[in-house]
Amino acid sequence: MDFLTNGPVDPGVILPFLAAVVLIELTPGPNMGWLALVSLAQGRTAGLAAVAGITLGLTLWMLAAAFGLTEIVLAWPALYQAIRWAGVGFLLWLAWEAWKGEGDPARAAPETRDRRRALFLRGLTANLLNPKAALFYIALLPGFMRPDYGPALPQALTLGGIHVAVSVAVHALIVVTAARVSRLGGGTQGASVRALMAAGLVLIAGWTAWETRL
């Protein structure tokens, strides 16, 4: 309770901010769709490895926003568009990889550790190439920060940390649920699942291109 009443953030904004980020995280998006596909095809451990990569990428965007670095991205439209289309292209590459069979759990089994590392890096890369994360912090954080309450940096870091924690909880729930559905269905394998993953990733790429346009 002392942290809530004497912390760096106005206690009155914590619950409204928490409600806002929970609502945002529960809104379907690229991370949610990709994690569900990975967990359905490769199971819970693979999905959690992807969550770790996504979380690191989101944390780096949060730190960049807290220190004012994300404004550089918006100040240079060409840089923003380059990041945006690189992210879309990366998702399309993941779709091609899935179509070729890289997402088949039977092929992934002999190299579990390498597979987890690869999924971590894919999650990290996909989130670093998602400028919507920068827009999220620029648009949301200022509305919950109180200049007369204290320094801006501790407020931004605290609120950003709350958002990252909520995103981890939501993403982990998606992974566990999708992996359980896969187990109840007897596991997923074969060309039909690869085609489903590839199609899903193409849709996610299209979603990302639409949602990140300025």
Side-chain angles (χ1 to χ4, degrees), residues 3-4 7-40 42-66 70 73-74 83-84 87-88 90-91 94 119-145 155-182 200-201 203-214:
F3 175 80
L4 294 178
V9 177
D10 180 357
V13 308
I14 293 179
L15 286 180
F17 179 78
L18 188 60
V21 296
V22 168
L23 180 61
I24 290 171
E25 287 300 322
L26 290 177
T27 302
N31 285 339
M32 186 180 292
W34 182 62
L35 286 173
L37 290 170
V38 168
S39 303
L40 282 169
Q42 300 186 36
R44 184 178 60 186
T45 302
L48 292 177
V51 169
I54 288 173
T55 302
L56 178 57
L58 185 62
T59 301
L60 292 176
W61 273 119
M62 183 270 287
L63 293 174
T70 51
V73 176
L74 297 182
I83 295 174
R84 176 191 178 210
V88 172
F90 183 72
L91 288 171
L94 290 179
L119 286 168
F120 171 85
L121 292 175
R122 283 162 174 74
L124 172 61
T125 303
N127 235 39
L128 288 179
L129 295 177
N130 180 14
K132 189 178 179 181
L135 293 175
F136 168 83
Y137 286 116
I138 291 174
L140 188 69
L141 287 187
F144 292 90
M145 294 171 62
Q155 293 189 61
L157 291 175
T158 300
L159 293 173
I162 291 174
H163 172 244
V164 171
V166 170
S167 73
V168 170
V170 172
H171 291 159
L173 179 61
I174 292 169
V175 167
V176 171
T177 302
R180 182 171 179 80
V181 169
S182 178
L201 287 166
L203 290 175
I204 292 171
W207 179 297
T208 301
W210 177 260
E211 287 291 307
T212 57
R213 71 195 189 287
L214 287 179

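These numbers come from the heavy atoms of this one structure, side chains and all, not from hydrogens, waters or symmetry mates.
- Interatomic distance, CG of L60 versus CG of L56, reported as 4.5 Å (0.5 Å rounding).
- Here the shortest heavy-atom pairing between A172 and V51 reads N-CG2, 4.4 Å.
- Atom CG in L157 sits 11.5 Å away from atom CD1 in I162 (nearest 0.5 Å).
- Within the 4.5 Å cutoff, the side chain of H163 has no heavy atoms near those of the L159 side chain.
- The closest side-chain heavy-atom distance from L94 to W34 is below 4.5 Å.
- Residue N130 holds its CG atom at 6.5 Å from CG of N31, rounded to the nearest 0.5 Å.
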Could you go step by step and tell me if I204 and L37 meet the side chain to side chain contact (heavy atoms under 4.5 Å, CB included) rule? CA-CA 11 Å; I204 292 171; L37 290 170; 4.1 Å; yes

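- Taking CE from M62 and OG1 from T59, the interatomic distance works out to 5.5 Å, rounded to the nearest 0.5 Å.
- Closest heavy-atom contact between S39 and G47: OG-CA, 3.6 Å.
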Before giving the answer on side chain to side chain contact (heavy atoms under 4.5 Å, CB included), spell out for M32 and E25 the whole-Å C-alpha distance, their side-chain angles and the decisive distance to 0.1 Å. CA-CA 9 Å; M32 186 180 292; E25 287 300 322; over 6 Å; no

L48 vs F120, test: side chain to side chain contact (heavy atoms under 4.5 Å, CB included). Steps then yes/no. CA-CA 9 Å; L48 292 177; F120 171 85; over 6 Å; no

Checking side chain to side chain contact (heavy atoms under 4.5 Å, CB included) for the pair V21/L140: CA distance, chi angles, key distance, verdict? CA-CA 9 Å; V21 296; L140 188 69; 3.9 Å; yes

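- From L128, atom CG reaches atom CD1 of I54 across 11.0 Å, with rounding to the nearest 0.5 Å.
- To the nearest 0.5 Å, the span separating CG on L203 from CG on L91 amounts to 11.5 Å.
- Contact of the L58 side chain with the Y137 side chain is registered, since non-hydrogen atoms from C-beta on lie closer than 4.5 Å.
- Listed by chain and residue number, F144 satisfy the ring pair (Phe, Tyr, Trp, His ring centres under 6.0 Å) test with F17 (two or more places apart in sequence, or in another chain).
- Formation of a donor-acceptor pair under 3.5 Å by the W61 side chain with backbone atoms of N127 is found in this model.
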